[in-house]
Number of protein chains: 2
Amino acid sequence: MTEARPTLRERKKQATREALRSAALRLALERGPANVRVDDIAEAAGVSPRTYNNYFSSREEAIVAAVMAERASRVAAAVAARPADVGLADAVVDAVVEQYTDPGDDARDALLMIMTSPALRACYVDTVAAVEGPLADAIAARCPGIDRLTAEALAAGVGAAAKVAVRGWLGSTTQSASMPGFVVASGSLPALLRSSLTALVPALDAAGR
Amino acid sequence: MTEARPTLRERKKQATREALRSAALRLALERGPANVRVDDIAEAAGVSPRTYNNYFSSREEAIVAAVMAERASRVAAAVAARPADVGLADAVVDAVVEQYTDPGDDARDALLMIMTSPALRACYVDTVAAVEGPLADAIAARCPGIDRLTAEALAAGVGAAAKVAVRGWLGSTTQSASMPGFVVASGSLPALLRSSLTALVPALDAAGR
DNA sequence: CCGAATTTTTGCGTGCACGCAAGTTTGCGC
DNA sequence: GCGCAAACTTGCGTGCACGCAAAAATTCGG
């Protein structure tokens with residue numbers, strides 16, 4: 001065992017978190033997201049309702065977390081893993097697209113459910129924002145002399161462009177009141193992501209040197 | 001009168017909205033934001049508590065709205081107003097900085113209060129996001145042949161960079177749990193905004209042609 | 001000016017987020 | 001093992017957001 005096993009307390013915490021995540025996802029898929037109360041999730045996971053909110057700060061968060069677990073850190077890792085001789089722009093764009101190109105592990109229908117429910121969608125785009133921190137680190141690591149603020153601005157820009165692509169993917173309606181819950185797939189998500197991120201390539205190139 | 005007076009109904013709606021805004025701001029400044037319930041705001045504005053939520057979807061929103069009213073559209077207008085022979089990058093950067101350089105109308109202490117309260121800060125950065133729509137329009141108007149998705153990606157990037165600058169301005173802590181409510185001014189906001197936006201200038205330049 | 005259609009306000013009920021103060025479990029040095 | 005300190009869980013109370021349907025206000029055609 002190369003990994004020192006984390007303390008009992010830590011393992012229990014992760015177990016509880018996982019139990020809540022999967023219970024939330026399962027119930028949401030069975031009954032539809034509107035028919036799941038946090039009390040139900042808590043009961044299914046064997047903890048008190050109050051405890052649920054010690055782990056997740058909204059009803060939607062657990063459901064989305066079940067699908068998006070660790071995607072944020074994987075983007076950063078993917079950027080770091082790119083060979084040093086490819087430009088920053090290519091490294092970042094490819095890494096981001098890669099993570100969204102194959103969501104299809106076993107979460108196909110979960111993704112569809114998330115895209116269908118406005119509340120879940122909102123929570124999902126917040127998840128996209130979570131890549132910004134790790135991504136900023138990865139960018140900074142790749143560009144030795146770079147300003148910290150610049151790295152964060154670029155990472156935030158990438159996150160924002162990704163959000164735009166996702167919103168565009170769902171149809172043209174931003175999140176306005178027009179036809180909520182109406183989903184139109186207008187092109188493939190990877191292609192949209194690439195288009196959207198292309199706008200930022202010059203900025204990434206400039207920073208990469 | 002060049003403007004046809006809007007219907008009575010419309011005028012009343014705006015009056016109610018304004019009454020809620022100013023009541024919220026006044027009470028928050030008097031008692032501190034934590035000691036204002038939405039019931040208080042509603043009562044001060046002479047409407048039912050339920051009506052408050054027909055106008056604002058969170059307790060913080062009215063307070064922030066009182067300060068930020070119409071700033072979003074002003075940024076877009078400022079971009080549109082720049083002479084056509086200045087580059088897109090300069091037009092956008094100057095317009096954004098301009099709007100945040102002089103918040104000092106009479107809202108100095110209101111801004112300080114917003115920066116001091118975590119919940120209000122969060123709502124404030126959401127407000128920054130509201131510039132993105134109008135800004136995308138302005139960018140699209142300035143660059144005739146530009147792709148719509150590209151314009152939105154750029155606008156979102158600008159918004160994101162502005163958010164980073166604002167966060168950085170409040171001290172290095174993002175919105176983490178470390179010392180909430182502790183404010184450190186680490187440079188002037190306009191300077192930070194300029195630095196942050198500089199990272200995106202190459203992208204704007206590339207799109208401007 | 002009158003009544004029907006539309007919009008806004010309001011009260012009510014439900015579910016949710018979270019601070020607080022016990023109660024309970026785990027970690028750790030002895 | 002023992003016991004104390006730290007961390008986690010739980011119940012409770014408060015305030016908040018919002019769907020729904022009844023009531024009040026506004027508009028508009030005649």
Side-chain angles (χ1 to χ4, degrees), chain A residues 4-21 23-24 27-28 31-65 117-123 126 175-177 180-181, chain B residues 4-21 23-24 27-28 31-65 117-123 126 175-177 180-181:
Chain A
R5 198 156 80 197
T7 161
L8 199 224
R9 208 170 240 164
E10 206 56 36
R11 272 178 293 148
K12 275 202 168 183
K13 259 177 75 163
Q14 293 312 320
T16 301
R17 170 168 264 110
E18 168 59 24
L20 286 169
R21 268 201 293 232
L27 291 177
R31 315 181 185 173
N35 306 320
V36 183
R37 291 184 308 262
V38 337
D39 294 31
D40 300 331
I41 303 175
E43 190 181 17
V47 297
S48 91
R50 182 63 182 83
T51 293
Y52 176 90
N53 277 303
N54 290 342
Y55 284 85
F56 300 100
S57 57
S58 86
R59 182 171 65 91
E60 291 80 17
E61 203 171 302
I63 302 176
V64 174
S117 152
L120 288 178
R121 282 210 309 244
C123 193
D126 285 354
Q175 79 242 41
S176 146
Chain B
R5 196 154 80 189
T7 160
L8 200 226
R9 212 170 236 163
E10 205 57 36
R11 271 177 293 147
K12 272 202 168 185
K13 258 178 77 159
Q14 293 313 320
T16 301
R17 170 168 264 110
E18 168 58 24
L20 285 169
R21 269 202 292 234
L27 289 177
R31 317 180 184 174
N35 305 322
V36 183
R37 290 182 310 254
V38 336
D39 294 31
D40 300 332
I41 302 175
E43 190 182 16
V47 296
S48 90
R50 183 62 182 83
T51 293
Y52 176 90
N53 277 303
N54 289 342
Y55 284 86
F56 299 100
S57 57
S58 84
R59 180 171 65 92
E60 292 79 18
E61 203 170 300
I63 302 176
V64 174
S117 153
L120 288 178
R121 283 209 310 244
C123 193
D126 285 354
Q175 80 242 40
S176 145

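Because the structure is a prediction, the values reported are computed rather than measured.
Here the shortest heavy-atom pairing between B:Ser58 and B:Tyr52 reads O-OH, 2.8 Å. Between A:Ala62 and A:Leu20 the shortest heavy-atom distance is CB-O, 4.4 Å.
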Could you list the donor-acceptor pairs under 3.5 angstrom formed by side chains in residues 32-47 of chain A, with sequence neighbours left out?
from	atom 1	to	atom 2	distance (Å)
A:Asn35	ND2	A:Arg31	O	2.8
A:Arg37	NH2	A:Asp40	OD1	3.3
A:Asp40	OD2	A:Arg31	NH1	3.2
A:Asp40	OD2	A:Arg37	N	3.0

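Where B:Ser58 and A:Thr16 meet DNA chain D, the nucleotide closest to each residue was compared, and A:Thr16 sits on the side nearer the 5' end. Along DNA chain C, the nucleotide nearest to B:Glu10 and the one nearest to A:Ser57 differ in position, and the one closer to the 5' end is contacted by B:Glu10.
Between the base of C:dT26 and the side chain of A:Arg11 there is no donor-acceptor pair shorter than 3.5 Å.
Atom-to-atom, CZ of B:Arg50 to P of C:dT8 comes out at 14 Å; the value is rounded to the nearest Å. One interatomic measurement links the two molecules: CG of A:Asn54 to P of C:dC20, which rounds to 14 Å at whole-angstrom precision. Rounded to an integer number of Å, the gap from CZ of B:Arg17 to P of C:dT8 is 11 Å.
With sequence neighbours excluded, the residues forming a side chain to side chain donor-acceptor pair (under 3.5 Å) with B:Ser57 are B:Glu61, listed by chain and number.
Among the protein residues, A:Tyr55 comes within range of the sugar-phosphate backbone only, with heavy atoms under 4.0 Å from sugar or phosphate atoms but none that close to a base. Looking at heavy-atom distances under 4.0 Å, A:Arg59 makes contact with sugar-phosphate atoms alone, never a base. Using a 4.0 Å heavy-atom criterion, one finds that A:Phe56 contacts no nucleic acid atom at all. Using a 4.0 Å heavy-atom distance criterion, B:Arg9 is classed as a base contact.
The span of DNA chain D lying next to chain A, judged by atoms under 4.0 Å from heavy atoms, is bounded 5' to 3' by D:dA6 to D:dC12.
Within the structure, every side-chain polar atom (N or O) of B:Lys12 is placed at least 4.0 Å from both OP1 and OP2 of C:dT8.
Summarising the geometry, atom NZ belonging to A:Lys12 is positioned 8.0 Å from atom OG1 belonging to A:Thr16; distances are rounded to the nearest 0.5 Å.
Within the 3.5 Å criterion, the main-chain N or O of A:Glu18 finds no donor-acceptor partner in the side chain of A:Tyr55.
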